[in-house]
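Computation of the quantities below employed the complete heavy-atom set of this structure, encompassing side-chain atoms and omitting hydrogens, waters and symmetry-equivalent molecules.
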Amino acid sequence: MEPAVHRISVIAEQPPAIWDRLETVLEAGGSPPIAMTRTPSTITFTCDTGDFMLRARVADALMTVCDHGEWRRSFQPED
């Protein structure tokens, strides 16, 4: 199985603490692990799982680290 890839645009600048918290939440998220790379405008997540599962786990992690509903105003899926 090819790894699933999910790209998200960053549409609102985030404080550095958000990125640290997001990495921590993803690491604690279990198996298979989700890898995250980012540029100032895009975050790319990859994982050896199905696309739907990756998207669900990423959304859950973003909801955990952002204020209520803020993740939808701050990030936008590219794919």
Side-chain angles (χ1 to χ4, degrees):
M1 171 189 289
E2 294 275 329
V5 177
H6 184 39
R7 289 178 185 82
I8 296 180
S9 294
V10 179
I11 55 178
E13 190 172 332
Q14 299 299 307
I18 288 290
W19 305 121
D20 293 337
R21 288 182 57 211
L22 183 56
E23 288 178 357
T24 300
V25 168
L26 290 173
E27 288 173 4
S31 184
I34 296 174
M36 179 182 92
T37 57
R38 78 181 164 87
T39 67
S41 62
T42 305
I43 315 167
T44 302
F45 302 93
T46 56
C47 184
D48 288 329
T49 190
D51 289 334
F52 176 79
M53 183 57 67
L54 175 59
R55 289 171 183 264
R57 289 177 62 193
V58 167
D60 185 56
L62 290 171
M63 284 187 278
T64 299
V65 301
C66 294
D67 290 334
H68 180 72
E70 188 62 30
W71 77 277
R72 292 208 177 258
R73 292 183 288 276
S74 300
F75 305 99
Q76 181 177 8
E78 289 186 5
D79 47 12

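Between Ser9 and Glu78, the side chains place a donor N or O and an acceptor N or O closer than 3.5 Å (distance only, hydrogens not considered).
Arg57 meets the salt bridge (charged side-chain N to carboxylate O under 4.0 Å, His left out) test with no other residue; sequence neighbours excluded. Listed by chain and residue number, nothing satisfies the side-chain hydrogen bond (donor to acceptor under 3.5 Å, both in side chains) test with Thr24 (two or more places apart in sequence, or in another chain). Scanning for salt bridge (charged side-chain N to carboxylate O under 4.0 Å, His left out) contacts around Arg7 gives an empty result, with sequence neighbours left out.
Grouped by direct or indirect side-chain proximity (heavy atoms under 4.5 Å, Ile/Leu/Val/Met/Phe/Trp/Tyr only), Phe52 sits alone. Cluster partners of Ile34, by chain and number: Ile8, Val10, Ile18, Trp19, Leu22, Val25, Leu26, Met36, Ile43, Phe45, Leu54, Val58, Leu62, Met63, Val65, Trp71, Phe75. The rule joins Ile, Leu, Val, Met, Phe, Trp and Tyr whenever side-chain heavy atoms lie under 4.5 Å apart.
Residue pairs meeting the salt bridge (Lys or Arg N to Asp or Glu O under 4.0 Å) criterion with at least one partner in residues 18-28, sequence neighbours excluded, do not occur; the list is empty.
Atoms CZ and CD1, from Arg72 and Ile11 in turn, are 11.0 Å apart once rounded to the nearest 0.5 Å. Here the straight-line distance linking atom NE2 of His6 with atom OG1 of Thr46 works out to 12.0 Å at 0.5 Å rounding.
Closest approach of Pro33 and Cys47 over heavy atoms only: O-SG, 3.3 Å.
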